[in-house]
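Below you'll find the structure, written out as C-alpha cells, and then a few comments.
Counting from 1, the numbers follow the sequence of the chain as shown. Note that these values count all heavy atoms, side chains included, but never hydrogens, waters or copies made by symmetry.
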Amino acid sequence: MPLWLQAFAWGAIAGGALVIGAAIAWKWKVPPRTVSFVMAFGAGVLISALAFELVGEAEDVGGLVPTASGFLVGAVTYVGANAVLARKGAQHRKRSGNQQPSEADSGGSGNAIALGALLDGIPESVVLGLGLVAGGAVNPAVLIAIFISNVPEGLSSTAGMKTAGRGSRYVFGLWGGIALISGLAALAGYSLLAGASGVTVAFITAIAAGAILAMVADTMIPEAFERQHMFTGLIAALGFLTAFVVHEVSG
C-alpha cells in the first residue's frame, strides 16, 4: 500500500475510535464515574505519547529551538481558537453531564461544538502522517495512544450531546465526518511534508504536540476531575504507564 494511502487509512482508523465511543454512549447510559475514569486514563495515555513519541523525537530530529518554538505556537494557537469557540457554546463539548447547551439555549452552539471537535482531532491526525514522513511507517505507540484516548472523548461528548437533546443524525454525522477529516489531515501531514528537512518536521510535530497538550488540559482533565477528584492523578498515571509500556515494547 502506498504511504499516502497508509496515512489516510491510519488517520481514519484513529478518528474512527470517536465513532466507537459515540456508539457506546448512544446505546447505553454509561455511569458518569465510568466516563470520568476512561477520560482520565485517556489523558494519561496522550501525555505519555507527547513526552516519548512526539516532543522527544522532534528534538532528536530537529533540535531544541524548533521543537520548543513549535510547541509554544501549537499551545497558543489551540488556546486562542478554543477561547473563540467557547464563547460560541463549545466550551463543554467533552462534558458528559448537562453542561453542553442545546441549540435552543445557545443558537449556533451545534456548529461551534462541531468545529471544536475538529480542532481537537486535527493535531492528533497530522502527527500520524508526520510519522510516516520520519520513519516510513506509522508509530504504533502514537496510533494506539490516539485510538485509546479517542474512545472516551467520543463517549463523553456524545453523552453530553444526548443530554442537550441533539439527535443521532447530528451526533454520528459529526463523528463520522471527523473520522474522515482525520484521515485527510493525516494524508496532508504526510503529503505536504514528504522530503521536508528535519527542522521543519520537528517544528510541525511540536506544533501538533503543543495543541494536543493544551486540549488535554482544557477539555479532558476537567471532565475527568469532576467525578474522580483525588483519584484523577492515579488513573492518569496508569494511562501514562500503559502508553509507556507500549512505547518500550514497540520500540
**OP:** Not counting sequence neighbours, which residues clear side-chain hydrogen bond (donor to acceptor under 3.5 Å, both in side chains) with S182? List them please.
**Re:** S125
Could you list the donor-acceptor pairs under 3.5 angstrom formed by side chains in residues 5-26, with sequence neighbours left out?
from	atom 1	to	atom 2	distance (Å)
Q6	NE2	M1	O	2.8

**OP:** May I ask whether F37 and M230 are part of the same hydrophobic cluster, defined by side-chain heavy atoms of I, L, V, M, F, W, Y residues being less than 4.5 angstrom apart, directly or through others?
**Re:** yes
Original post:
Excluding sequence neighbours, so at least two apart, what forms side-chain contact (heavy atoms from CB on, under 4.5 Å) with V79?
Top reply: A214, D218
For a quick test of your reading: what N or O donor-acceptor pairs under 3.5 Å do the side chains of residues 191-212 make, sequence neighbours left out?
from	atom 1	to	atom 2	distance (Å)
S191	OG	L187	O	3.0
S197	OG	T200	N	3.2
S197	OG	T200	OG1	3.0
T205	OG1	V201	O	2.7

Original post:
Side chains of S157 and E153: does their closest heavy-atom pair fall under 4.5 Å?
Top reply: no
Original post:
Does the side chain of L155 come within less than 4.5 Å of M39's, by heavy atoms?
Top reply: no
**OP:** Would you confirm whether S149, through its side chain, and I146, through its main-chain N or O, come within 3.5 Å as a donor-acceptor pair?
**Re:** yes
**OP:** For residues L85 and L119, determine if any side-chain heavy atom of one lies less than 4.5 Å from a side-chain heavy atom of the other.
**Re:** yes
Original post:
Between W175 and T158, is a side chain to side chain contact (heavy atoms under 4.5 Å, CB included) present by the stated rule, with each step listed?
Top reply: CA-CA 9 Å; W175 296 124; T158 298; 3.0 Å; yes
Original post:
What is the distance from atom CD1 of I178 to atom CG of L174, rounded to the nearest 0.5 Å?
Top reply: 5.0 Å
**OP:** Flag yes if more than 12 heavy atoms outside F172 fall under 6.0 Å of its CZ atom; otherwise flag no.
**Re:** yes
Original post:
Does any non-hydrogen side-chain atom of Y190 lie less than 4.5 Å from one of L130?
Top reply: no
Review item, side-chain donor-acceptor pairs of residues 42-63, under 3.5 Å, at least two apart:
from	atom 1	to	atom 2	distance (Å)
S48	OG	F240	O	3.2
S48	OG	F244	N	3.4
E53	OE1	N139	ND2	2.8
E53	OE2	H247	ND1	2.1

**OP:** For side chain to side chain contact (heavy atoms under 4.5 Å, CB included), just list the numbers for F147 and E124, CA-CA rounded to whole Å, side-chain angles, deciding distance to a tenth of an Å, and then say yes or no.
**Re:** CA-CA 10 Å; F147 191 93; E124 299 173 345; over 6 Å; no
**OP:** Kindly work out whether a path of hydrophobic side-chain contacts (I/L/V/M/F/W/Y, heavy atoms less than 4.5 Å apart) joins L64 to L72.
**Re:** no
Original post:
Listed by chain and number, what are the ring pair (Phe, Tyr, Trp, His ring centres under 6.0 Å) partners of F225, not counting sequence neighbours?
Top reply: H229
Original post:
So V151 and V38, side chain to side chain contact (heavy atoms under 4.5 Å, CB included) or not? Walk me through it.
Top reply: CA-CA 8 Å; V151 172; V38 293; over 6 Å; no
Original post:
What's the shortest heavy-atom distance between F41 and I235, and which atoms?
Top reply: N-CG2, 3.6 Å
Subject >> Intermediate values then yes/no, side chain to side chain contact (heavy atoms under 4.5 Å, CB included), F71 and L213 >> reply: CA-CA 9 Å; F71 192 86; L213 182 58; 3.5 Å; yes
**OP:** Mark yes or no for whether T77, through its side chain, and V73, through its backbone, hold a donor-acceptor pair below 3.5 Å.
**Re:** yes
